[in-house]
Each structure stands twice: as C-alpha cells, then as structure tokens.
Amino acid sequence: MPHVLIPIPCKPWMLNGLSERLIVSHYENEYGTAVRCLNAIQEALATIDFEAAPSYQLRAMKQEELAALGSVVLHELYFGALGGDGGVVFTGSGPGTKIGEVVSAALEEQFGSVAAWRREFVALAHALVGGPGWVVLCYARGERRLYNQIAFDHSHAMIDAVPLLAIDMYEHAYHIDFGANASAYIDAFMRNIDWSVVSDRLVAARGDSVPAQASQRRDDSVPSVSVEELAAERARGERIQVLDARPKHYFSRGSDMMEGATWRDPDRVDEWSGELSPDAPIVVYCAYGYSVGCDLTARLRERGFDAKYVRGGLAAWYAAGGQRALKR
C-alpha cells in the first residue's frame with residue numbers, strides 16, 4: 001500500500017512568526033516530494049527479485065527507502081506539533097502552548113528542569129546551522145527516559161525510541177522568512193509548539209493510556225475524499241464537478257487553482273447552486289481542508305447534491321503532485 005499524504009495538521013495562517021507562505025511551501029514541496037519519492041521507491045522494490053539482484057543495488061535502494069521514510073515521518077511529526085494556544089511556555093519567550101504536567105514532569109526528571117531541556121534542545125538546533133539535519137526529542141522505551149538527539153539525512157534514529165518533537169534545520173524550513181537568520185527561526189518554532197500533541201505522543205509511547213485527540217480538525221459526518229482518491233477518479237475519466245471554494249479574499253491573492261476546477265464563492269451558494277448538475281458528483285476543496293470546504297460540502301448535500309470535500313484541500317493536492325492551472 002502506498003503511503004497516503006496527510007492533510008496539513010496545523011493552521012498555517014495562525015502561527016506566530018512563521019508565515020503561511022513558508023509553512024505551505026515546506027509542506028507542498030519538501031513533504032510532498034518525500035511522500036512521492038517514498039512511494040516510487042517502494043513501488044520499484046516491489047518488482048525486484050531479491051535473490052537475483054546484486055547486493056549494491058539492494059543496499060542503495062534500501063538506504064534510499066530509509067531516508068525517504070525518515071523524511072516523511074519527521075515532516076509529519078514537525079507539522080503535527082505546530083500550533084499553540086497562546087499560553088506562555090518559557091519566561092520571556094513569547095506565546096506558545098503551556099507545557100502540561102505529563103511532559104513537564106518528564107522533562108524535569110530527565111533534564112533537571114524544563115528550561116534546562118530547552119537550552120540543550122536549542123543548542124543542538126544551533127549546532128546544525130549550516131549543515132542539514134533534525135533535532136528530535138524522543139522517548140527510549142527500554143530505558144523509559146527522554147533524549148535529545150540529532151538526526152542527519154532523515155535516517156539517523158535511536159533504536160526502540162519514539163520521536164515526540166522534531167525541528168527541521170534544513171534551510172528550506174526557514175529561508176523564505178528568515179534568510180540566513182536561523183536563530184530567529186528556532187525562536188519562532190519554540191513559540192509555536194503545541195505541547196498537547198507532544199503530551200499525547202509521550203502518553204502513547206509509555207503505554208499509559210490511549211491519548212485523546214487534541215482537537216478535531218474536521219467534521220467526520222461530512223463525506224470526504226483523499227487527494228489520491230480524487231486523482232485516481234480523474235485518471236479514470238469519471239465525470240466530477242470540482243469546485244474551488246476558497247473565500248473570495250483568499251482566492252484573489254493567488255494565481256492558480258486545481259486543473260479543471262471552477263471557483264465558486266462559498267458565501268453565495270444560493271446564487272450559483274442551481275447551475276450545478278444534479279447527475280454528477282461534486283468535489284469541493286478549500287485551501288487546507290478545514291471548515292470552509294467542509295461547511296460548503298454540508299450545504300450542498302442539504303440541497304440534494306452528492307458532494308464530498310477534499311481532505312487537506314489544495315495544499316494536499318499540490319503536495320501529492322497534482323496539476324495546477326492558471327485561474328480562469
């Protein structure tokens with residue numbers, strides 16, 4: 001089974017000091033490329049005769065698979081822990097999510113204090129400036145303790161350890177906003193950590209209990225489709241009405257849209273819904289697959305249309321390699 005691209009977990013327009021442009025570019029280009037690369041490698045591996053293939057070929061392909069898989073997982077950890085609720089994490093550090101008791105107690109036990117952990121984690125991030133890699137806070141299940149580690153080339157990881165938090169120190173993670181000022185990027189990342197996500201990951205790693213979801217990003221009662229499923233349906237030539245439902249003020253800022261889509265103002269559905277064909281299914285996308293696409297899909301279904309929204313929205317479509325077209 002190919003790896004399915006996840007919708008962007010954070011809300012890019014709500015981060016403090018990390019621009020929407022930076023986050024979306026990182027997600028679409030770096031994460032999306034990693035997912036496509038991983039799937040291509042695994043598809044190629046599925047065709048190999050392992051008994052007949054030369055050793056150098058097997059070594060090279062499995063090394064590439066490991067690096068691609070590491071990149072996918074680390075990027076999903078990275079985006080999944082961005083958010084925050086406006087609480088103060090560290091004195092003088094600005095807004096971010098308050099560290100809950102589960103994580104703070106674990107950090108204090110291992111590092112002496114939360115501040116001591118932060119100093120080490122940030123120092124390791126600074127140590128990677130000019131050389132690519134990741135800094136990862138992980139939980140070693142055998143020792144039942146926390147470690148900060150550096151991961152090079154996406155593929156260096158502790159055995160039997162669960163990653164809880166990762167900062168991407170490759171230049172693509174910050175150069176759009178910060179240029180060579182990696183220190184400002186590191187500070188901004190620390191302000192935007194959603195510690196409830198880190199807490200859930202730690203609880204799950206320790207096996208204490210099944211963590212509750214920090215939040216529901218979508219209404220599961222509204223039917224949806226993944227970008228991979230949509231691409232497959234379009235490749236089969238199925239008749240689909242694709243609607244771009246980005247709000248007018250947002251749509252006007254961009255120059256492109258999904259190929260074959262038609263933009264419709266989500267605030268004026270009563271004016272244009274009669275133009276839709278009742279005989280063909282409708283697929284609705286917004287920027288990232290949050291409330292706009294879900295809400296418009298629900299309203300169309302109330303009017304009797306067979307409508308679904310695209311999980312992850314336009315950003316996920318581009319990350320998966322979907323074609324874009326100039327706005328019409």
Side-chain angles (χ1 to χ4, degrees), residues 2 4-14 20 23-24 27-28 31-32 35 76 79-80 83 213-328:
V4 177
L5 184 142
I6 66 166
I8 191 165
C10 61
K11 295 181 178 179
W13 66 93
M14 295 185 66
E20 181 178 359
I23 297 300
V24 174
Y27 171 82
E28 292 180 0
Y31 169 64
V35 172
E76 290 177 354
F79 291 117
Q213 292 294 325
S215 63
Q216 288 290 328
R217 61 171 279 132
R218 295 172 182 81
D219 182 353
D220 292 336
S221 66
V222 180
S224 64
V225 62
S226 70
V227 290
E228 292 86 358
E229 292 167 338
L230 175 58
E233 290 175 6
R234 299 184 76 177
R236 291 192 297 267
E238 296 184 15
R239 185 186 174 203
I240 307 171
Q241 301 174 91
V242 181
L243 302 185
D244 185 321
R246 289 175 290 174
K248 186 175 183 179
H249 71 276
Y250 197 101
F251 180 78
S252 64
R253 300 200 321 245
S255 61
D256 52 62
M257 61 194 302
M258 188 184 297
E259 186 181 48
T262 301
W263 178 75
R264 288 288 185 262
D265 189 339
D267 293 328
R268 307 177 71 173
V269 62
D270 290 330
E271 298 179 16
W272 52 259
S273 60
E275 301 172 12
L276 301 174
S277 170
D279 301 322
I282 297 170
V283 170
V284 178
Y285 71 82
C286 56
Y288 309 114
Y290 283 95
S291 59
V292 176
C294 294
D295 291 348
L296 180 58
T297 299
R299 292 163 69 188
L300 289 173
R301 292 186 67 84
E302 290 172 356
R303 289 164 170 77
F305 292 102
D306 177 13
K308 299 179 181 178
Y309 74 90
V310 178
R311 296 195 296 274
L314 189 61
W317 176 257
Y318 288 160
Q323 293 183 320
R324 65 182 75 198
L326 293 177
K327 293 193 308 188
R328 297 198 298 266

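Bear in mind the structure is a predicted one, so any value in this text is a computation, not a measurement. Positions are given from 1 along the sequence.
Residues Ala261 and Met257 come closest through the heavy atom pair O-CE, 3.5 Å. Listed here is the closest heavy atom pair of Val284 and Ala245: CG1-CB, 3.6 Å. Closest non-hydrogen pair, Cys10 versus Ile23, comes out as SG-CG2, 4.1 Å. Between Gly289 and Cys294, the shortest heavy-atom distance links the atoms O-SG, 4.2 Å. Residues Cys286 and Gly293 share a closest heavy-atom pair of SG-N, 3.3 Å. Contact detail for Tyr309 and Thr297: the closest heavy-atom pair is CB-OG1, 3.2 Å.
Taking Pro2 as the reference, Asn39 meet the side-chain contact (heavy atoms from CB on, under 4.5 Å) condition, with sequence neighbours excluded. In this structure Ala320 satisfies the side-chain contact (heavy atoms from CB on, under 4.5 Å) test together with Leu5, Val227, sequence neighbours excluded. Scored by the ring-ring contact (aromatic ring centres under 6.0 Å, His included) test, Phe79 finds His26, Tyr27 as partners (sequence neighbours excluded). Glu20 pairs by the salt bridge (Lys or Arg N to Asp or Glu O under 4.0 Å) definition with Arg253, not counting sequence neighbours. Every residue was checked against the salt bridge (Lys or Arg N to Asp or Glu O under 4.0 Å) condition with Asp295, not counting sequence neighbours, and none meets it. Judged as a salt bridge (Lys or Arg N to Asp or Glu O under 4.0 Å), and not counting sequence neighbours, the contacts of Asp256 are Arg324. With sequence neighbours left out, Glu76 forms a side-chain hydrogen bond (donor to acceptor under 3.5 Å, both in side chains) with His3, Tyr31. Not counting sequence neighbours, the partners of Trp13 by the ring-ring contact (aromatic ring centres under 6.0 Å, His included) test are Tyr288, Tyr290. Here Arg239 pairs with nothing under the salt bridge (Lys or Arg N to Asp or Glu O under 4.0 Å) rule; sequence neighbours left out. For the side-chain hydrogen bond (donor to acceptor under 3.5 Å, both in side chains) test, residues two or more places apart in sequence or in another chain that qualify with Glu229 are Ser226.
Between the CG atom of Leu296 and the CG atom of Asp267 there is a distance of 9.5 Å, given to the nearest 0.5 Å. The line from CD of Glu259 to CG of Leu326 is 10.5 Å long, rounded to the nearest 0.5 Å. Here CD1 of Ile240 is found 11.5 Å from CD1 of Ile282. Values are rounded to the nearest 0.5 Å.
Proximity of a side-chain donor or acceptor of Gln241 to a complementary backbone N or O of Ala280 within less than 3.5 Å is detected. One N or O on the side chain of Arg301 and one on the backbone of Ala307 form a donor-acceptor pair closer than 3.5 Å.
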Verdict with supporting geometry, Met258 and Asp244, side-chain contact (heavy atoms from CB on, under 4.5 Å): CA-CA 8 Å; Met258 188 184 297; Asp244 185 321; over 6 Å; no
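Screening residues 282-291 for salt bridge (charged side-chain N to carboxylate O under 4.0 Å, His left out) gives no qualifying pairs among residues at least two apart or on separate chains. The salt bridge (charged side-chain N to carboxylate O under 4.0 Å, His left out) analysis of residues 270-286, with sequence neighbours excluded, yields the pairs Arg264-Glu275, Arg268-Glu271, Asp270-Arg303.
Inter-residue side-chain proximity for Val310 and Trp317 is flagged as unmet; no heavy-atom pair is nearer than 4.5 Å.
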